[in-house]
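Nothing here was measured: the structure is a model prediction, and the numbers come from that model.
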Amino acid sequence: MAIHERTAAYRAATERFLRVATEVGQHELDITPPSGWSARQVMHHVADSEAQSYARLRRLIAEPGSEIQGYDEAGWAETPQLGYRELPVEESLAVFSAVRSASATVLTRLGDADLELAGKHSESGAYTLSDWLEAYTQHPLEHAAQIERAVRGED
């Protein structure tokens with residue numbers, strides 16, 4: 001698939017996540033499934049993940065061959081100072097929206113050959129811009145579905 005088609009899918013994933021996230025009522029934010037995260041926790045996670053993705057995309061483009069650093073997602077979610085369990089979600093949704101918009105703008109400036117730009121992910125090894133685009137197109141879609149399940153109290 002050409003980069004312009006993949007960029008359109010990336011944008012559609014952004015819209016889907018924001019639609020689902022903004023439809024969650026205040027009384028539904030903290031419904032926590034037996035073995036999962038509440039909608040609030042998911043929204044904070046997705047914002048943090050997107051902040052990581054922003055830097056990763058730019059590193060792949062400007063510094064091919066560099067290391068793409070992983071991070072402990074579960075550890076971040078359980079760190080009380082980061083507030084995944086109680087902070088309002090509006091700022092996290094704003095971060096998600098802004099970062100996705102900025103990254104989509106960069107994607108429109110790339111050509112198909114740029115999909116092969118690569119670095120090395122600290123956890124999974126070889127990591128191309130194509131891998132990045134696939135991961136960050138799917139990530140908000142997976143978490144939109146997780147939010148829908150969470151507000152129903154399902155894992």
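- Side-chain atoms of T79 never come within 3.5 Å of backbone atoms of Q81 as a donor-acceptor pair (strictly under, hydrogens ignored).
- A donor-acceptor contact shorter than 3.5 Å links the side chain of T32 to the backbone of D30.
- Side-chain contact annotation: H143 with Q146, donor-acceptor N/O pair under 3.5 Å present.
- S124 places no side-chain N or O within donor-acceptor distance of the main-chain N or O of H121, the cut-off being under 3.5 Å.
- With hydrogens and angles ignored, the 3.5 Å screen pairs no side-chain donor or acceptor of E23 with any backbone N or O of V20.
- Using modelled atom types and a 3.5 Å distance limit, the side chains of S49 and Q52 yield no donor-acceptor pair.
- Side-chain atoms of T22 come within 3.5 Å of backbone N or O of L18 as a donor-acceptor pair.
- Listed here is the closest heavy atom pair of V42 and I147: CG1-CG1, 3.6 Å.
- When all heavy atoms of A126 and D131 are compared, the closest pair comes out as O-OD2, 3.9 Å.
- Counting only distance, with no hydrogens or angles, the side chain of E28 and the backbone of G25 share a donor-acceptor pair below 3.5 Å.
- Side-chain atoms of D155 come within 3.5 Å of backbone atoms of S35 as a donor-acceptor pair (strictly under, hydrogens ignored).
- Within the 3.5 Å criterion, the main-chain N or O of S101 finds a donor-acceptor partner in the side chain of T105.
- A cation-pi contact links R58 to Y54, judged by a cut-off of 6.0 Å to the six-membered ring centre and 45° from its axis.
- Taking both residues in full, the closest heavy atoms of R6 and S130 are given as NH1-OG, 2.8 Å, listed atom of the first, atom of the second, then distance.
- Remark: the backbone N or O of L87 is paired with a side-chain donor or acceptor of R40 at under 3.5 angstrom.
- The distance between the ring centers of W76 and Y71 falls below 6.0 angstrom.
- Annotation: H45 is in aromatic contact with W37 [ring centroid separation under 6.0 Å].
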Dump the intermediate steps for side-chain hydrogen bond (donor to acceptor under 3.5 Å, both in side chains) on S53 and R100, then the final yes or no. CA-CA 9 Å; S53 81; R100 295 286 289 200; 5.8 Å; no

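- The CZ atom of R11 lies 6.5 Å from the OG1 atom of T108; values are rounded to the nearest 0.5 Å.
- Ion pair E78/R85 flagged as a salt bridge, since at least one NZ, NE, NH1 or NH2 atom sits closer than 4.0 Å to an Asp/Glu carboxylate oxygen.
- Checked for salt-bridge contact, E148 and R16 meet the test: a charged N lies under 4.0 Å from a carboxylate O.
- Here Y136 and Y10 keep their ring centres 6.0 angstrom or further from each other.
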